[in-house]
Amino acid sequence: MVTKGEQQGTTPSTESVIFQRIAEESPNGVIIFHDEKVRFVNKSASLILGFSTRTISKWTRKKFTSRVMEEDRPKIQWFFTKLTEGRSPPIQSEIRLIQRKGKTRWVSIVGGVVEADNGLILQINLVDITDRKQAEEVIKQTHAEIVTIFNTISDGMQVIDTDYNITRVNKSFAALSGMSEEDLVGRKCYENLPGPECHTDACVLKRILSGWEHIVEEVEKRREDGSSFPCSLVATALRSKNGELLGVVQVFRDISESKRTETELKASRERFRSLVEEISDWIWEVDNQGIFTYSNNAVEDILGRTAGQMLGLSFLDFLVVEEVESARSQFQENLAAKRAFHGIVYQWNQGWDGRRVFLEASGRPILGEDKEVVGFRGICRDITERIEAYTTLRESEAKYRALVRTSPDAITVTDLDDTILIVNKQALKIYGFDNEGELIGKSALDFFAVEEHEQIKASLQQTLEKGISQNLEFTLKRKDSSTFPGRLSVSVLRSADGKPIGFIYVSRDITEIKASEDGLLEARARAEFFNDLMTHDLTNINQAILLSLELSLQEPDLPEPLQKQLKFSLQQVERSAALISRVKDFLRIDTEPTLLEPANLTAAFGKALEALKQVYPGKSIRVETGIQKDKYSVMADSSLIDLLFHLLCNAVRFDHREKVVIDVDVTPAFDKDFLKIEVKDRGPGVPDEIKELIFARYTEQIHERTKGRGIGLTIVRRLIARYGGKIWVEDRVLGDHSHGANFIILLPRVKQPEEVIEPEY
């Protein structure tokens, strides 16, 4: 404090010096004002205000007031007013000061006044209460949060004192009770939501009073309307700071729904257990060593062992030897990574018979309380049939691809917008392109003459509706813009779920066929002429020869060799006459019905072979066949022998070796409704480009390599058509025609009596 003597320039008194030292060392801030100016400030005040003592010593009271937050300035003005007016006792207030760097500090300010000869001396003490204020704010916020939680928590809460009085409840408890909060406070706890434990030693408050601190149990409570419900109860002793028991805090939760759910869950578990035991998939559990600890009954059907026999054994004991190490390593990796696995396929030994099965396994880790893997739980499904089917499919796909590559027809695959996706080599050939890259991505319409685009679009729309369109004829276009007549079949390409995703075009250049068809009328006319010629003139000639041979055979002294030769000649003339008659009938095949009867195939082959050997006496002919005698019969007429004779004769004619071998195979086809007859020769074969044409000839030679393959095969095809069958030619060795031809015939089969199944009525 500044004394009067100091103001007059006199020597300070000892008391004044002592006071100044005390003020300077005080932990509280001290500021002394005289005549509105700061006359003294200590270091503590400097730290609180954030300015140096030198700076503060130059302040006025107004300057000091400016460092008070604007919201608190009315308080500081009130403080100074009361201080100067009342002068005693000391005035106190709490304000916020703004330090030099803008930081705010809460300060408790206490002021006193001393009257001197030259005016009033104001002394204020500053105490930094920022930490206390912050703590109070936290406590206030915490209390607000606790109150909010208490009132918003979904569980019902009530507080009771040691006399069973309800002192506080939250909204959830009021809702649980069906009463208002105001009506509940002050009631006895046993008057609201009573239960069997009330007024007994099981009473929660009695147990808390006897020393219990915490109680958790399930109780049955009853509402005012008489309805009861199960609830979980958590009760905790409520004590003061010095440990005195004040009452009990109780938390109630209605567990009616969870009880119902628990009952349903129990029933569901029973259903699940029943399902697991009856399911066809193998459900299992193993420990972290791979030892089975559980298995359902399905394992017996899959591995041939009962569920009990699996327990205690490792899954590695059942894998095929070549997969054990891989499976062991994978198991260890999944164990270390705590990783689930899905769709792992291994081969397993089924029982002790050596049969192997493919099982697809999926599983998840089982975690213990320490979150470590204690085992795996999973399921195995027998996919042996699927694997075998997939293998068969891959083989079939390979065959299909080979078939597409080697097909004599041009094959083009497009999407639904007619954009080309796949073409085979024959397509490149007939359209005049060098590689697939020139076609992939282009429109298939580019292959058609412009004037036919609308027609092909209409055909594609019809194909989408029907699934397939066959034998369409269009003018097709090559790369060099030249055109040619083409025969086209289009089918819909579908996805695995049956949705249309594109089109498959199968096209063929029919220029030569068209030329043949153009000459058909002329050929028919010539055929009719030759038919008339044969039936008239040749028949007369044959009659004369027959008469001469028959008269010669009647000579009694005729040598036996000559007699034998004359009989053979007579047979050949008779066959010639019969052939002339059948040629005449060929012109009426399309208009007149044919009477077909069951014919023994073995007998017909035998007669055809006998006639063949007489025609080629200088050759050794061997027919290798597995046909069982009298096993197969077909629907045919007397021309069947001629049909087979022409096929065998065709095989011998083109095999220039002295020893001729012909393979004949017969197998049922198309649900045994047809017989598939294959006649395989070892001649020069038939090139792909004329495989179809050799059956379309009459008397002209279409290709120099078909020389000699003329009316014989034409007759064969016409006869087979009369029988309701079909004939085509393939390579004896697939993909290489030079090793000989394989003529394939389908004829309607006559089933044996034991094959006929009578309908049930």
Side-chain angles (χ1 to χ4, degrees), residues 409 466 468-471 487 489 506 508 513 516-517 520 524 527 531 578-579 581-609 625 627-628 630-651 664-680 686 691-698 709-730 741-759:
D409 294 324
K466 295 170 53 180
I468 187 170
S469 297
Q470 295 180 311
N471 297 325
R487 183 167 293 152
S489 293
V506 179
R508 179 178 296 178
I513 295 178
S516 298
E517 290 176 352
L520 183 59
R524 283 182 179 274
N531 184 59
L579 179 60
S581 177
R582 284 194 295 273
V583 169
K584 182 178 180 181
D585 291 337
F586 285 162
L587 295 177
R588 297 193 299 273
I589 287 176
D590 295 332
T591 58
E592 295 182 4
T594 302
L595 180 61
L596 302 180
E597 297 177 342
N600 186 289
L601 192 60
T602 308
F605 258 115
K607 292 180 180 179
L609 181 59
T625 179
I627 304 177
Q628 298 181 22
D630 301 330
K631 181 177 181 180
Y632 297 123
S633 295
V634 297
M635 296 301 294
D637 57 14
S638 59
S639 299
L640 177 62
I641 298 173
D642 286 323
L643 183 156
L644 299 176
F645 171 79
H646 281 299
L647 284 175
L648 295 175
C649 187
N650 187 74
V664 176
D665 295 325
V666 179
T667 55
F670 297 101
D671 292 333
K672 300 183 180 180
D673 290 332
F674 285 80
L675 284 181
K676 181 180 180 182
I677 305 169
E678 298 180 71
V679 179
K680 303 175 184 178
V686 182
K691 278 184 166 66
E692 179 68 21
L693 300 180
I694 62 172
F695 297 106
R697 294 185 64 239
Y698 283 91
R709 299 184 189 270
I711 194 169
L713 291 179
T714 304
I715 292 174
V716 167
R717 188 180 70 168
R718 297 291 295 277
L719 286 172
I720 291 173
R722 289 173 66 190
Y723 299 161
K726 186 177 180 181
I727 183 171
W728 68 94
V729 63
E730 296 180 354
N742 178 17
F743 287 86
I744 303 173
I745 306 101
L746 290 178
L747 291 177
R749 179 190 176 203
V750 178
K751 292 187 178 181
Q752 300 297 323
E754 62 271 14
E755 296 181 279
V756 178
I757 300 175
E758 294 294 335

**Prompt:** Do Asn650 and Phe743 come close enough that some side-chain heavy atom pair is under 4.5 Å?
**Reply:** yes
**Message:** Exactly one of Ile677, Asn600, Thr625 should register a side chain to side chain contact (heavy atoms under 4.5 Å, CB included) with Phe605. Which one does?
**Reply:** Ile677
**Min side-chain heavy-atom separation Leu647-Ile727 under 4.5 Å** = yes
**Request:** Please report the closest heavy-atom contact between Phe674 and Pro748, naming both atoms and the distance.
**Result:** CD2-N, 3.7 Å
**Request:** State, to 0.1 Å, how close Val750 and Pro598 come at their nearest heavy-atom pair, and which atoms those are.
**Result:** CG2-CB, 4.0 Å
**Request:** First locate atom CZ of Arg508, then atom CG of Asn471, and finally report the distance between them rounded to the nearest 0.5 Å.
**Result:** 9.5 Å
**Prompt:** Between atom NE2 of His646 and atom OG of Ser639, what is the distance when rounded to the nearest 0.5 Å?
**Reply:** 9.0 Å
**Prompt:** Rounded to the nearest 0.5 Å, how far apart are CG of Asp673 and CG of Leu746?
**Reply:** 11.5 Å
**Asked** Heavy-atom distance under 4.5 Å between the side chains of Lys680 and Asp665, does that happen here?
**Response** yes
**Asked** Taking side chain as C-beta onward, heavy atoms only, is Asp637 less than 4.5 Å from Arg722?
**Response** yes
**Asked** Do Lys691 side-chain atoms and Trp728 backbone N/O form a donor-acceptor pair below 3.5 Å?
**Response** no
**Request:** Measure the NZ-OG1 distance between Lys676 and Thr667 for me, rounded to the nearest 0.5 Å.
**Result:** 5.5 Å
**Request:** Check Leu675 against Leu601 and note the closest heavy-atom contact, atom names and distance.
**Result:** CD1-CD2, 4.2 Å
**Message:** Give me the atom names and distance for the closest heavy-atom approach of Ile641 to Ala608.
**Reply:** O-CB, 3.7 Å
**Message:** I need the minimum non-hydrogen distance between Ile720 and Lys726, along with the two atoms involved.
**Reply:** CG2-N, 3.2 Å
